[in-house]
Amino acid sequence: MLGIKYFVTSRIVLLLLRRNKITAVCLCATALFVFGLSCPQTLLTEFSLRFSNNNTYRIFPSSHGGSRANYSFPNVDWFIEQYQNRSDLRGTFFEVDNVQSYHNFLTKINTIKKKGKKLSSSNSLNGTQPFEIFMKNVNQNYLYHPDDLIIWKVLRDLRTRPITKVEMNPGSSHLVLRMSLDNGGMAIFKVQRTPKDQEVHPDLFFIREMERPNAEVAAFYLDRLLGFYRAPPIVSRSLNITRDIVPFGDKRTIVDTVHRSPAGNVCFFGTCLDYCSLHTPVCGKPDLIEGAVSMYLTGASIETIQTPWGRYIPPFWKTRWEKDDTFCDTDVKTNSNYSMRTLLNYMDVSVMDFLTGNLDRHHTEVFKEFKQETFFIHFDNGRGFGKSKYDCWSCMAPVRQCCLIRLSTLAKLLKLYIGPDSLSQVLRESLKADPSFPVLWEPHLDALDRRLGKLLSAISDCINVKGKAWQDVVIDDGLN
Ligand SMILES: Nc1ncnc2c1ncn2[C@@H]1O[C@H](COP(=O)(O)OP(=O)(O)OP(=O)(O)O)[C@@H](O)[C@H]1O
Ligand SMILES: [Mn+2]
């Protein structure tokens with residue numbers, strides 16, 4: 001027995017030296033099971049974070065019929081025929097069929113991703129920590145490139161690095177913590193205050209919803225699979241209030257609010273505008289809380305811009321865009337502040353918000369130095385995935401009213417609709433990269449397939465019902 005153990009251990013070391021990590025991990029797992037041997041923890045962590053990503057999209061049965069297998073819309077099927085018959089799209093990467101896997105399709109589209117300028121601060125960034133390398137690579141057209149593997153190291157750091165400082169995030173109205181990590185990086189922590197399968201109460205306005213960090217994690221993977229790469233890296237993580245927060249927390253705003261509940265659990269409520277009181281404490285079990293940590297983007301100035309489709313507070317007062325569908329034509333398209341690129345960025349955000357069901361889109365944010373020639377950073381998705389049966393029609397108002405969509409975005413949506421891979425399948429697979437898989441409750445994944453059909457149906461209506469010209473609706477601005 002001892003000889004076999006020695007042999008297995010030496011094989012693992014050899015494989016590691018040869019950087020054949022996948023085989024090493026398989027062997028590790030077998031050894032663990034059969035002999036109770038232990039494996040290097042870092043290897044397993046990196047493996048669990050990266051393995052499923054590398055295999056994302058590839059393992060689906062190709063017989064599956066895409067999102068339309070469950071939610072088929074006749075007008076969308078007809079729209080697809082129109083799309084497929086367009087000679088200007090034939091032979092391009094945007095051609096869609098129902099045979100190619102979504103992974104291959106996206107990989108091809110990603111090859112034509114345009115490189116833009118880097119942040120001016122990137123020249124002076126010489127650090128070697130993953131978060132520093134990540135920031136150095138931020139590009140005018142995307143936050144990170146799909147082939148840049150540094151993101152997996154960033155995620156591992158966010159999940160495992162010891163915390164050295166905790167304060168309330170200055171820009172947040174909720175209980176959002178800003179933390180420093182022992183490698184000098186900074187992170188945002190949001191607490192999971194409601195169970196993932198708890199639907200938002202139908203009588204509650206969105207502004208009263210608790211933020212859902214699992215929705216932020218799911219939106220990060222949705223952003224990736226739609227080929228945007230505009231959401232900051234985020235990973236699920238548990239924190240121990242006593243060990244990770246109290247010793248490093250700001251005394252006045254955090255530590256002074258720590259107390260024991262009648263049940264004996266450790267709780268705190270922090271200092272912020274909403275839900276920071278003894279009535280709404282965050283309580284550990286007994287001091288462990290779950291949530292998600294995202295990388296704090298530092299070193300470049302971020303500008304916040306109010307979206308034209310913001311909502312009134314209180315939300316039972318309707319704004320003009322909610323009452324008048326000509327709003328985009330009269331107030332947005334005519335406003336010289338909005339370039340075509342900016343408008344298409346709003347459409348992409350609207351696609352995300354409709355798919356996730358997020359009504360809380362009040363601002364968008366950009367790296368200031370790129371002015372209008374850049375993407376919107378996909379921050380603040382914590383109010384999605386709260387109602388699985390309800391489709392937030394108003395969340396797609398930008399797309400519906402402006403009748404605009406970026407060609408690359410449309411192609412990806414159509415591809416997921418016709419399959420073989422469906423949006424829910426692809427997202428479910430991607431979410432395996434997060435340690436708190438399944439991350440999303442199944443009915444929310446099912447809702448994605450339904451909403452995808454509805455979204456495409458609205459785009460189809462722009463052309464086939466409202467009579468707009470194809471080239472005025474589907475815009476190829478060379479970006480994806
Ligand atoms: N990862 C990050 N990197 C840099 N800045 C961030 C990050 N996350 C959040 N911020 C900043 O903090 C602000 C508030 O964060 P967020 O919107 O997630 O919190 P919130 O409490 O949900 O805010 P709101 O009440 O406005 O919805 C963001 O608008 C952004 O400017
Ligand atoms: Mn928010």
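Since we're looking at a predicted model, the values are computed, not measured.
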Discussion item. Measuring from atom CD1 of Ile459 to atom OH of Tyr83, what distance do you get when rounded to the nearest 0.5 angstrom?
Written reply: 11.0 Å
Practice prompt. Scan side-chain atoms only and decide if Asn85 and Arg90 contain a donor-acceptor pair under the 3.5 Å cut-off.
Written response: no
Worksheet entry | Arg224 to Trp152 - nearest heavy-atom pair and separation | NH2-CZ2, 3.6 Å
Worksheet item: Where the side chain of Lys196 meets the backbone of Leu440, is there a donor-acceptor pair that is under 3.5 Å apart?
Response: no
Worksheet item: Ion pair present between Lys415 and Asp421, side-chain N to carboxylate O less than 4.0 angstrom?
Response: no
Response to the item:
The reported gap from CZ in Phe79 to CG in Asn464 (rounded to nearest 0.5 angstrom) is 7.5 Å
Item to complete: Kindly determine whether Phe376 and Tyr346 satisfy ring-ring contact (aromatic ring centres under 6.0 Å, His included), including the steps that lead there.
Response: CA-CA 8 Å; Phe376 288 166; Tyr346 277 120; 4.8 Å; yes
Discussion item. Looking at Cys328 and Cys403, is the distance between their SG atoms under 2.5 Å?
Written reply: no
Worksheet item: So, Ser460 and Ser457: side-chain donor and acceptor under 3.5 Å apart, yes or no?
Response: no
Item to complete: Give the ring-plane orientation class for His378 versus Phe228, where under 30° counts as parallel, over 60° as perpendicular and anything between as tilted.
Response: perpendicular
Discussion item. How long is the straight-line distance from CG of Leu344 back to OG of Ser350, given to the nearest 0.5 Å?
Written reply: 12.0 Å
Discussion item. Is it the case that the side chain of Asn214 and the backbone of Val439 share a donor-acceptor pair, with hydrogens and angles ignored and the cut-off at 3.5 Å?
Written reply: yes
Worksheet entry | Shortest non-hydrogen separation from Cys272 to Leu175 and the atoms involved | SG-N, 3.6 Å
Discussion item. Show the nearest heavy-atom pair for residues Gly116 and Asn139, with the distance to one decimal.
Written reply: N-OD1, 2.9 Å
Discussion item. Can you confirm whether the side chains of Trp321 and Thr319 place a donor and an acceptor under 3.5 Å from each other?
Written reply: yes
Practice prompt. Please step through side chain to side chain donor-acceptor pair (under 3.5 Å) for the pair Thr342 and Ser339, ending with a clear verdict.
Written response: CA-CA 5 Å; Thr342 302; Ser339 64; 3.0 Å; yes
Worksheet, complete the sentence: For Phe93 and Ile109, the nearest pair of non-hydrogen atoms, with its separation, is O-CG1, 3.8 Å
Worksheet item: Got a second to check how far Phe131's CZ is from Leu158's CG, nearest 0.5 Å?
Response: 10.5 Å
Worksheet item: What orientation do Tyr417 and Phe73 show, parallel under 30°, tilted 30 to 60°, or perpendicular over 60°?
Response: tilted
Worksheet entry | Leu297 and Phe379: CA distance, side-chain angles, deciding distance, side chain to side chain contact (heavy atoms under 4.5 Å, CB included) verdict | CA-CA 11 Å; Leu297 307 176; Phe379 279 138; 3.8 Å; yes
Item to complete: Using the six-membered ring wherever Trp is involved, compare the ring planes of Phe370 and Phe367 and label them parallel, tilted or perpendicular (cut-offs 30° and 60°).
Response: perpendicular
Worksheet item: Rounded to the nearest 0.5 Å, what separation is found between the CZ atom of Phe205 and the CZ atom of Arg208?
Response: 11.5 Å
Worksheet item: When rounded to the nearest 0.5 angstrom, what distance separates CZ in Arg383 from SG in Cys392?
Response: 13.0 Å
Item to complete: Would you check if there is a donor-acceptor pair between the side chains of Asp434 and Ser236 at a distance under 3.5 Å?
Response: yes
Worksheet entry | Presence of salt bridge, Lys190 and Asp380, under 4.0 angstrom | yes
Discussion item. For the residue pair Ser388 / Glu199, report whether a side-chain donor-acceptor contact shorter than 3.5 Å exists.
Written reply: yes
Practice prompt. Could you tell me whether Arg178 sits above the aromatic face of Tyr296, with NZ or CZ closer than 6.0 angstrom to the six-membered ring centre and within 45 degrees of the axis?
Written response: yes
Discussion item. Donor-acceptor pair, distance only, cut-off 3.5 Å: does the side chain of Glu216 make one with the backbone of Asn381?
Written reply: yes
Fill in: Closest approach of Leu181 to Ala187 (non-hydrogen atoms, all atoms of both residues)
CD1-CB, 4.4 Å
Item to complete: Answer with yes or no whether the side chains of Arg428 and Tyr221 bring together a donor and an acceptor at under 3.5 Å.
Response: no
Fill in: Quiz item: cation-pi between Arg311 and Phe206, 6.0 Å / 45°
yes
Practice prompt. Assess whether side chain to side chain donor-acceptor pair (under 3.5 Å) is satisfied between Thr409 and Asp348, documenting all intermediate values.
Written response: CA-CA 7 Å; Thr409 306; Asp348 287 345; 2.8 Å; yes
Worksheet item: Between Trp309 and Gln401, do the side chains contain an N or O donor and an N or O acceptor separated by less than 3.5 Å?
Response: yes
Worksheet item: Are the side chains of Asp325 and Arg400 in touch, meaning some heavy atoms are under 4.5 Å apart?
Response: yes
Practice prompt. Indicate the atoms forming the closest heavy-atom contact of Lys387 with Pro202, along with that distance.
Written response: NZ-O, 4.4 Å
Worksheet item: So, are Asp477 and Arg341 salt-bridged, with charged N and O less than 4.0 Å apart?
Response: no
Practice prompt. Check whether any side-chain heavy atom of Pro308 sits under 4.5 Å from a side-chain heavy atom of Tyr338, and report yes or no.
Written response: yes
Worksheet item: Should the pair Phe134 and Tyr144 be assigned to parallel (<30°), tilted (30 to 60°) or perpendicular (>60°) ring geometry?
Response: tilted
Discussion item. Any donor-acceptor pair under 3.5 Å linking the side-chain atoms of Asp449 with those of Asn70?
Written reply: no
Discussion item. Using the rule given for side chain to side chain donor-acceptor pair (under 3.5 Å), can you reason through Asn141 versus Lys115, listing the C-alpha separation, both sets of side-chain angles and the distance that settles it, and then say yes or no?
Written reply: CA-CA 7 Å; Asn141 294 333; Lys115 261 196 182 156; over 6 Å; no
